[in-house]
Amino acid sequence: MNSPVSKEIQSTIKGLAGRLIGEGVLTAEQAREAEQDAKAMRVSLIRYLIDTLDVDSRELAEMASAEFGVPVFDLASMNREMLPEHQIDAELMARHHAVPLFRRGNRLFVAVSDPMNLGALDEFKFAAGINTDAVLVEDAALSKLIADLGEQSGGFDSDMASLGADGEYDLEIGDGKVEEDDEAHDSADDTPIVRFVNKVLLDAIKQGASDIHFEPYEKDYRVRFRTDGILHEVVKPPRNLAPRLAARLKVMSQMDISERRIPQDGRIQMKLSKKRAIDFRVNTLPTMYGEKIVLRILDPTSAQMGIDALGYEEDQKALYMEALQKPQGMILVTGPTGSGKTVSLYTGLGILNEPERNISTAEDPVEINMAGINQVLVNPKVGLNFAEALRSFLRQDPDVIMVGEIRDLETAEIGIKAAQTGHLVLSTVHTNSAAETATRLLNMGVPAFNIAASVTLIIAQRLARRLCGHCAELETSVPQEALMELGFSQDQLSSAQIKRPVGCGQCKDGYKGRVGIYEVVKITKPIASAIMDGANSLELDRVAREAGFSDLRQSALRKCAEGLISLEEVSRVTTD
């Protein structure tokens, strides 16, 4: 019989340990000590009970099943040939005492003897890039399976080179120096940090992410990928690793590792093969709990897809190609950050990039390297801003000029003068629509007659998630009246193939990749006249619609009717 002290202890012990007390497997004192010792040894309670107290693993599995409401899966009935080989990482299995068993749709089921082993689920989720669910198994059987798989793979040593499909990866790192700093990146303790950061970068590339966020908070730390325009949490490293992760990334980016008070910018290059390299644009931001670091992934191959792969409708593509072939004028691309403006501009430059043309660009930063084009990285600190770069271009006998962004009146005026004096000028403006682009230039102080005379084409764009071609299903739950309220015409609905996302092993939540949504407006005589008359954006938008140019909403609805994007994406990327 338990003593009064034991009863008091028992009343405070919950979960599996409490059930073990109730079943008479352990006394309250034993359970309390087991929990404390397991925590100190950094092992699960189940592993401690089996290894130290010799508790029967089958009995523990049954009690864990009863406590957590999860059935016990019999590993002996599992055909090992059915294990997902590409998810079998011997080192990961040994470290977390877990094995990925099978995949169903976009979920990976992982065998664990402790259902509370959330670290294992998070690690396998990160490694596989999909959600994970726990499958409860007997610990002894799990240990044997892990040992067998470890022997088959040649032990638990792994190398970062094995993570890639194109051979060994090589990070081009600057000569960042750390002197008398306890966060020195080349210490033995930081080797796991190096491997972790490398794996995050490689996985981001493999998953097609556009950005990587390393984010410290008061009590935890997380890494997120922006994939197809949406941020997803991929892993939560221990909070105490935040300074070392920041130090490693800053060393790779050739930043000042000792400076933590101000934002910094840097760059990393990763060679995937002899012919392909990926650049990362890196920015640090001091926050309350450490430095947040964001990496923008710059893939030069994105500008080599060709105009047909971007998603332009045939009439829109024809307008863009027509404007590109003109000897002079200005083409403006507009949209929010991350809407694909740079890819659209570089696709146009790729079409124009011929030996008989002199092409110069001024960018901040240079996101895509392209042979045959003179690319200038503006540096306001030394006086080389967009306007100064443009002035220099005009003395370099240019045919085509690309300005990364028109931010002020001086840059706008020089660009417009260049467009009026025999040069083709391409640039971006941060507005939401074609009509707002013209009024933005007017508000900057550019005379209306200069806008009407020099701007030949305005492209407003967004990026929408493309439905997975393997699992998308026809949408049957939305009535026609509701679809017409969204903007569909009766003619569109008669032949529409509206689909919804489902989710499978080849996509993420039913989406795979992105497609461009465009508003392409040629500056016709009626639109030029409206600009000259000082029309506001609403009036310009009405004139553009009367001229037959589709707005972003209409373009998105067209893509939806073709079964390329979902109704949710139409609402997410466009407004009525």
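In this chain, numbering begins with 1 at the start of the sequence shown. For the numbers below, each heavy atom of this structure counts, side chains included, while hydrogens, waters and symmetry mates do not.
Looking at residues two or more places apart in sequence or on another chain, you find a side chain to side chain contact (heavy atoms under 4.5 Å, CB included) between Asp74 and Ala76, Ser77. Under the salt bridge (charged side-chain N to carboxylate O under 4.0 Å, His left out) criterion, Glu259 pairs with Arg261, not counting sequence neighbours. Under the side chain to side chain contact (heavy atoms under 4.5 Å, CB included) criterion, Pro71 pairs with no residue at all, not counting sequence neighbours.
Asp139 and His97 share a side-chain donor-acceptor pair at under 3.5 Å. With no hydrogens or angles considered, a side-chain donor-acceptor pair links Arg222 and Tyr217 at under 3.5 Å. Counted by atom type alone, Glu569 and Ser571 present zero donor-acceptor pairs between their side chains at under 3.5 Å.
The shortest distance between side-chain heavy atoms of Tyr511 and Ser566 falls below 4.5 Å. Side-chain contact between Val573 and Leu463 is absent, with no heavy atoms from C-beta onward closer than 4.5 Å. No side-chain heavy atom of Arg281 sits less than 4.5 Å from a side-chain heavy atom of Leu295. Between Glu473 and Pro501 the shortest side-chain heavy-atom distance does not fall below 4.5 Å.
Arg104 contributes no side-chain N or O that, together with a main-chain N or O of Arg107, makes up a donor-acceptor pair within less than 3.5 Å. Here the side chain of Thr428 pairs a donor or acceptor atom with the backbone of Gly404 at under 3.5 angstrom. Arg296 places no side-chain N or O within donor-acceptor distance of the main-chain N or O of Ile212, the cut-off being under 3.5 Å. A donor-acceptor contact shorter than 3.5 Å is absent between the side chain of Ser113 and the backbone of Glu138. The closest donor-acceptor contact from the side chain of Thr132 to the backbone of Leu121 lies under 3.5 Å. In this structure, Gln461 contributes its side chain and Ser339 its backbone to a donor-acceptor pair below 3.5 Å. Judged purely by atom type and a 3.5 angstrom limit, Lys341 uses its side chain to pair as donor or acceptor with the backbone of Gly335. The closest donor-acceptor contact from the side chain of Thr574 to the backbone of Val570 lies under 3.5 Å.
Among all heavy-atom pairs drawn from Arg462 and Asn432, the shortest one is NH2-O, 2.9 Å.
Note: Phe109 and Phe102 meet the aromatic proximity criterion, with ring centroids under 6.0 Å apart.
We find that Arg500 and Glu568 are not joined by a salt bridge, their nearest charged nitrogen and carboxylate oxygen being 4.0 Å or further apart. Taking a cutoff of 4.0 Å between a charged side-chain nitrogen and a carboxylate oxygen, Glu562 and Lys559 do not qualify as a salt bridge. With respect to Glu233 and Arg224, no salt bridge is recorded, no charged nitrogen being found less than 4.0 Å from a carboxylate O. Look at Asp220 and Arg239 and you find no salt bridge, because none of the NZ, NE, NH1 or NH2 atoms lies under 4.0 Å from a carboxylate O. Under a 4.0 Å N-O distance rule, the pair Asp279/Arg267 qualifies as a salt bridge.
Expressed to the nearest 0.5 Å, how far CZ of Phe280 lies from CE of Met252 amounts to 7.5 Å. Interatomic distance, Arg514 CZ to Ile565 CD1, rounded to the nearest 0.5 Å: 13.0 Å.
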Please step through side-chain contact (heavy atoms from CB on, under 4.5 Å) for the pair Leu201 and Met270, ending with a clear verdict.
CA-CA 9 Å; Leu201 302 189; Met270 175 180 283; 3.6 Å; yes
